[in-house]
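The structure appears below as C-alpha cells.
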Amino acid sequence: QVQLVESGGGLVQAGGSLRLSCAASGRTFSSYTMGWFRQAPGKEREFVAHISSSGDNIAYADSVKGRFTISRDNAKNTVYLQMNSLKSEDTGVYYCAHNKYAGVWSPLGGRVADFGSWGQGTQVTVSS
C-alpha cells in the first residue's frame with residue numbers, strides 16, 4: 001500500500017498560479033504512473049493529468065492543456081502539478097493518485113478506476 005500526501009493548495013485570484021506537490025511512500029514509486037484528479041462541489045471526480053513512471057509520457061485533460069504541467073522526481077518520490085492562468089472553473093479539491101498497475105499509461109488519459117491509492121486532497125479555490 002502506498003501513502004500519498006498532497007500540499008500546495010490555497011486561494012488564488014483568477015490568472016494566478018499554484019504548485020501542488022504529492023509525496024509518496026510505501027511501494028516502489030518510480031515504477032508507476034501517477035495522476036492528478038479534481039472534484040468540484042456536486043460533480044464527479046475528473047482526470048486532470050497523468051505521467052508515466054519514467055516521466056517520458058504525459059497526458060492532460062483538454063480543459064487544462066497549455067496551462068497545467070505535471071512532473072515527477074523519482075529520487076524524491078514526489079509528483080508535482082504546476083497550475084498557471086488559473087480560472088474560476090479550476091476550483092475544487094485536487095487529488096494525487098497512484099496507478100494500480102506498474103508500467104501502465106494511456107495517451108487517452110486516466111480513469112478513476114485505474115488508480116488504487118489516493119491522497120486526502122488539497123483545496124484549490126480560484127476567485128474571479
Legend entry - From SG (C22) to CG (L4), nearest 0.5 Å: 4.5 Å
Inset, instruction - Check whether any side-chain heavy atom of M34 sits under 4.5 Å from a side-chain heavy atom of H98, and report yes or no. - result: yes
Legend entry - Point-to-point distance, once rounded to the nearest 0.5 Å, from OH of Y95 to CG of L20: 13.0 Å
Legend entry - Smallest separation among heavy atoms of S128 and S88, with atom names: CB-CB, 4.3 Å
Inset, instruction - Please round to the nearest 0.5 Å and tell me the distance separating atom CG of N99 and atom CZ of R111. - result: 10.0 Å
Legend entry - Between CZ on residue F68 and CG on residue L86, distance to nearest 0.5 Å: 5.0 Å
Legend entry - Rounded distance [0.5 Å steps], CD in Q82 versus CD1 in I70: 12.5 Å
Legend entry - Flag, side chain of Y101 to backbone of D114, donor-acceptor distance under 3.5 Å: no
Inset, instruction - For the residue pair V112 and F47, establish whether any side-chain heavy-atom pair is separated by less than 4.5 Å. - result: no
Legend entry - Common cluster, V79/L18, ILVMFWY with side-chain heavy-atom separation under 4.5 Å: yes
Legend entry - Atom of Y60, atom of T69 and distance for their closest heavy-atom approach: OH-CA, 3.2 Å
Inset, instruction - Nearest 0.5 Å please: distance from the OG atom of S52 over to the CG atom of N57. - result: 4.0 Å
Legend entry - Flag, side chain of E6 to backbone of Q120, donor-acceptor distance under 3.5 Å: yes
Legend entry - Step-by-step side chain to side chain contact (heavy atoms under 4.5 Å, CB included) determination, M83 to D90: CA-CA 9 Å; M83 306 185 294; D90 294 319; over 6 Å; no
Legend entry - For the student: nearest non-hydrogen atoms of S71 and I51, plus distance: CA-CD1, 3.8 Å
Legend entry - Aromatic ring proximity, centroids under 6.0 angstrom, W118 and F37: yes
Inset, instruction - Mark yes or no: R72 above the aromatic ring of F29, with NZ or CZ under 6.0 Å from the six-membered ring centre and no more than 45 degrees from the axis. - result: yes
Legend entry - Connected via hydrophobic side-chain network under 4.5 Å: L81 and V12: yes
Inset, instruction - Over all heavy atoms of both residues, which pair between V2 and A24 is shortest? Give the atoms and the distance, please. - result: CG2-CB, 4.2 Å
Legend entry - Cluster check V48, V124: I/L/V/M/F/W/Y, side chain < 4.5 angstrom: yes
Inset, instruction - For N74 and S53, indicate whether the former's side chain and the latter's backbone hold a donor-acceptor pair under 3.5 Å. - result: yes
Legend entry - Any side-chain heavy-atom pair of S63 and R38 under 4.5 Å: yes
Legend entry - Any donor-acceptor pair under 3.5 Å from T91 side chain to V126 backbone: yes
Legend entry - Shared hydrophobic cluster, V64 / I58 (ILVMFWY, side-chain heavy atoms < 4.5 Å): yes
Legend entry - Under 3.5 Å: donor-acceptor pair, side chain of S21, backbone of S7: no
Legend entry - Atom of S127, atom of L11 and distance for their closest heavy-atom approach: CB-CD1, 4.4 Å
Legend entry - Heavy-atom closest pair, residues H50 and G35: CB-CA, 3.8 Å
